[in-house]
Protein chains: 2
Amino acid sequence: MCSGPCQRHQDQSGHHQDRINGCCAAGGRVRGFLQPRLLLLLLQQPDYGYALLERLSSEGSTGGVDPGLLYRTLRQMERHDLVRSTWDTEGQGPARRRYEVTPEGVEMLHAWAARITQTQRRLSEFLDQYEKSFEDRKQEEVI
Amino acid sequence: MCSGPCQRHQDQSGHHQDRINGCCAAGGRVRGFLQPRLLLLLLQQPDYGYALLERLSSEGSTGGVDPGLLYRTLRQMERHDLVRSTWDTEGQGPARRRYEVTPEGVEMLHAWAARITQTQRRLSEFLDQYEKSFEDRKQEEVI
DNA sequence: TGCTATATATGACTATGTCATATAGATGTA
DNA sequence: TACATCTATATGACATAGTCATATATAGCA
C-alpha cells in the first residue's frame with residue numbers, strides 16, 4: 001500500500017506528517033533491531049563505524065542504516081558499557097574509533113536474542129489468526 | 001537483563017533517561033504492532049475502544065496496551081480512512097464510539113501481514129547467525 | 001587548488017509508546 | 001442529597017528509535 005513517494009500523507013511543503021509507520025516507508029526496517037545486530041557483528045569481529053555501515057548494508061536490500069543513527073547508537077551503547085572503543089590512528093585516512101563488545105554486551109545480546117525469540121512467537125500468532133480470518137471469510141463467500 | 005524496576009538508568013527524580021529499548025522495559029511489547037492487531041480484531045468483530053482494551057489484554061501477559069495510546073491510534077486510523085466510527089448511545093453507561101474496518105483498512109491489513117512476514121524472516125536470519133556464533137565459540141573452547 | 005573518498009558527528013524533526021491526568025455519564029449506597 | 005466507583009473517551013508531557021540534512025576533518029589525486 002502506497003509504496004514509493006506517497007502523495008496521500010504529504011503537506012504542502014512536501015514533508016510527511018501523521019504518517020503511519022508501515023505505510024509509505026520504503027524500507028521494511030524493523031525498529032529496535034540495530035543494537036542487537038551491532039552486538040552480533042562486533043562479536044563476530046571488532047570493527048569501526050564506517051566498516052560496520054558497509055557490513056550492515058551488505059545484509060540485503062533492507063540492511064542499510066543511516067550513518068547518523070549508527071554513530072549515535074554506538075556511542076549510546078558505549079555509555080551503557082555494552083561496547084568499548086579505542087582510537088585507531090594506523091592505516092590511511094582519518095582516525096577510526098574501533099569498537100569491541102564487553103562482557104556486559106554479550107549478556108545483553110543473550111537478552112536480546114530471548115526477546116527476539118518471543119517477538120517471533122507473537123508475530124506467528126498474529127499471522128496464524130490473520131490467515132485463519134481470511135480462510136473463514138473465503139468459506140463464507142462459498143456458502 | 002535488568003528486569004523489573006531498574007536502578008541503573010534512573011536519574012535522581014526516579015525518571016528513566018537514555019534507556020535502551022530492550023533493557024528495563026517490563027513488557028516485551030513489539031513496536032508498531034498495535035495497528036495491525038486492531039485491524040484484525042475489528043475485522044473479526046467491530047467494537048468500541050474500551051472493549052478492545054479488554055480483548056487486547058486477554059491476549060496474554062504482554063497483550064495489554066495503554067488506553068491513551070489505544071484511543072489515539074483508533075482516531076489516527078480513522079483519519080487515514082482505515083476504520084470508520086459511529087456513536088452508540090444504546091446500552092448502559094456513557095456513549096461509545098463503535099469502530100469498523102473500511103475496505104482500505106482491509107487492504108492495509110494485507111500490507112501489514114506481508115510486512116510482518118518479512119520481519120519474521122529477518123528475525124529468523126538474525127537468530128540463526130546468533131546461534132551459529134555461539135556454537136562456534138563453544139567449539140573454540142573445546143579446542 | 002579543487003574534487004572525491006573516508007570517517008565521525010550533531011541538529012531538527014517524526015512516529016510510536018509510557019505515564020499521568022481530565023472529563024463525563026450511569027449506578028449504587030450511606 | 002452527596003459521594004464513590006465503574007465505564008468510556010480523550011489530552012498533555014515526555015522518552016526512545018529512526019530519518020534526513022549537514023558539519024567537520026584527514027588523505028589522496030588530478
Side-chain angles (χ1 to χ4, degrees), chain A residues 9-11 13-38 47-54 56 62 64-80 85 87-99, chain B residues 9-11 13-38 47-54 56 62 64-80 85 87-99:
Chain A
H9 305 128
Q10 281 184 357
D11 58 17
S13 63
H15 286 258
H16 278 86
Q17 236 144 12
D18 188 30
R19 179 175 77 168
I20 290 182
N21 188 309
C23 177
C24 309
R29 281 169 188 79
V30 183
R31 196 183 175 96
F33 197 42
L34 180 55
Q35 295 197 28
R37 286 170 79 200
L38 285 175
D47 224 330
Y48 53 97
Y50 199 82
L52 288 166
L53 273 178
E54 289 174 339
L56 285 165
T62 56
V65 295
D66 176 74
L69 178 61
L70 181 99
Y71 289 113
R72 252 193 289 248
T73 303
L74 287 169
R75 304 289 258 139
Q76 183 200 25
M77 288 164 75
E78 189 165 27
R79 280 199 304 281
H80 287 280
S85 76
W87 280 106
D88 177 7
T89 51
E90 291 175 42
Q92 60 231 44
R96 313 155 164 180
R97 197 188 277 277
R98 184 185 181 74
Y99 286 93
Chain B
H9 304 128
Q10 281 184 356
D11 58 18
S13 64
H15 285 260
H16 278 85
Q17 237 146 10
D18 188 30
R19 180 174 75 167
I20 290 183
N21 187 308
C23 179
C24 308
R29 282 170 187 79
V30 183
R31 195 181 174 98
F33 196 43
L34 179 56
Q35 295 195 29
R37 286 170 80 201
L38 285 175
D47 223 330
Y48 53 97
Y50 199 82
L52 288 166
L53 273 180
E54 289 173 339
L56 285 166
T62 56
V65 296
D66 177 74
L69 178 61
L70 180 99
Y71 289 113
R72 251 193 289 248
T73 303
L74 286 168
R75 304 289 258 138
Q76 183 201 24
M77 289 165 73
E78 190 165 27
R79 280 200 303 280
H80 287 280
S85 75
W87 281 105
D88 176 8
T89 50
E90 292 175 40
Q92 61 230 44
R96 315 155 162 181
R97 198 188 276 279
R98 183 185 181 75
Y99 287 94

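In what follows, every chain begins at residue 1, and chains take the letters A, B, ... in the order their sequences are listed.
The residue among A:Gly64 and B:Asp66 whose nearest nucleotide of DNA chain D is located toward the 5' end is B:Asp66.
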### Task
Dump the intermediate steps for side-chain contact (heavy atoms from CB on, under 4.5 Å) on B:Glu78 and B:Arg97, then the final yes or no.
CA-CA 12 Å; B:Glu78 190 165 27; B:Arg97 198 188 276 279; 4.3 Å; yes
### Task
Starting from the C-alpha separation in whole Å, work towards a yes-or-no answer on side-chain contact (heavy atoms from CB on, under 4.5 Å) for B:Leu56 and B:Leu34.
CA-CA 9 Å; B:Leu56 285 166; B:Leu34 179 56; 4.0 Å; yes
### Task
I would like to know whether A:Val65 and A:Leu52 meet side-chain contact (heavy atoms from CB on, under 4.5 Å); could you show each step before the answer?
CA-CA 10 Å; A:Val65 295; A:Leu52 288 166; over 6 Å; no
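Minimum heavy-atom separation, B:Tyr50 to B:Tyr71: N-OH, 3.5 Å. When all heavy atoms are compared, the tightest approach of B:Arg75 to B:Tyr99 is CD-OH, 3.4 Å. Closest approach of B:Leu70 and B:Gly49 over heavy atoms only: CD2-O, 3.3 Å.
With A:Arg72 contributing its side chain and A:Pro67 its backbone, the two residues share no donor-acceptor pair below 3.5 Å.
Atom-to-atom, CZ of B:Arg79 to C1' of C:dT16 comes out at 13 Å; the value is rounded to the nearest Å. One atom, CG of A:Leu70, and another, P of C:dT6, lie 16 Å apart when rounded to the nearest Å. At whole-Å resolution of the value, CG in B:Leu74 and P in C:dG17 are 12 Å apart. Remark: P of C:dT8 and CD of A:Glu78 are 12 Å apart, rounded to the nearest angstrom. If you take CD of B:Glu54 and C1' of D:dA8, they are 11 Å apart, rounded to a whole angstrom. One atom, CZ of A:Arg19, and another, C1' of D:dC20, lie 11 Å apart when rounded to the nearest Å. Between A:Met77 atom CE and D:dG18 atom C1' there is a gap of 16 Å when expressed in whole angstrom units. The distance between atom CZ of B:Arg75 and atom C1' of D:dT11, rounded to the nearest whole Å, is 12 Å.
Dashed line: the shortest gap from a side-chain N or O of A:Tyr71 to OP1 or OP2 of C:dT8 is under 4.0 Å. When the side-chain nitrogen and oxygen atoms of A:Tyr48 are compared with OP1 and OP2 of C:dA7, one or more of them lie within a distance under 4.0 Å. Between D:dT16 and B:Arg31, no contact under 4.0 Å exists linking OP1 or OP2 to a side-chain N or O. Residue B:Arg29 places none of its side-chain N or O atoms closer than 4.0 Å to OP1 or OP2 of C:dG17.
Under the side chain to side chain donor-acceptor pair (under 3.5 Å) criterion, A:Thr73 pairs with no residue, sequence neighbours left out.
Within the 4.5 Å cutoff, no side-chain heavy atoms of A:Ser85 are placed close to those of A:Leu74.
We find that B:Asp18 and A:Arg79 are joined by a salt bridge, their nearest charged nitrogen and carboxylate oxygen being less than 4.0 Å apart.
Stem analysis of DNA chain C (Watson-Crick or G-U pairs, both distances under 3.5 Å, runs of at least three) returns C:1-30 with D:1-30.
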Between protein and nucleic acid, restricted to nucleotides 23-29 of chain C and to nitrogen or oxygen atoms under 3.5 Å apart, what atom pairs and distances do you find?
none

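A:Arg72 comes within 4.0 angstrom of a nucleotide base, judged by non-hydrogen atoms across all strands. Within 4.0 Å of A:Arg97, counting heavy atoms only, lie sugar-phosphate atoms of the nucleic acid but no base atom.
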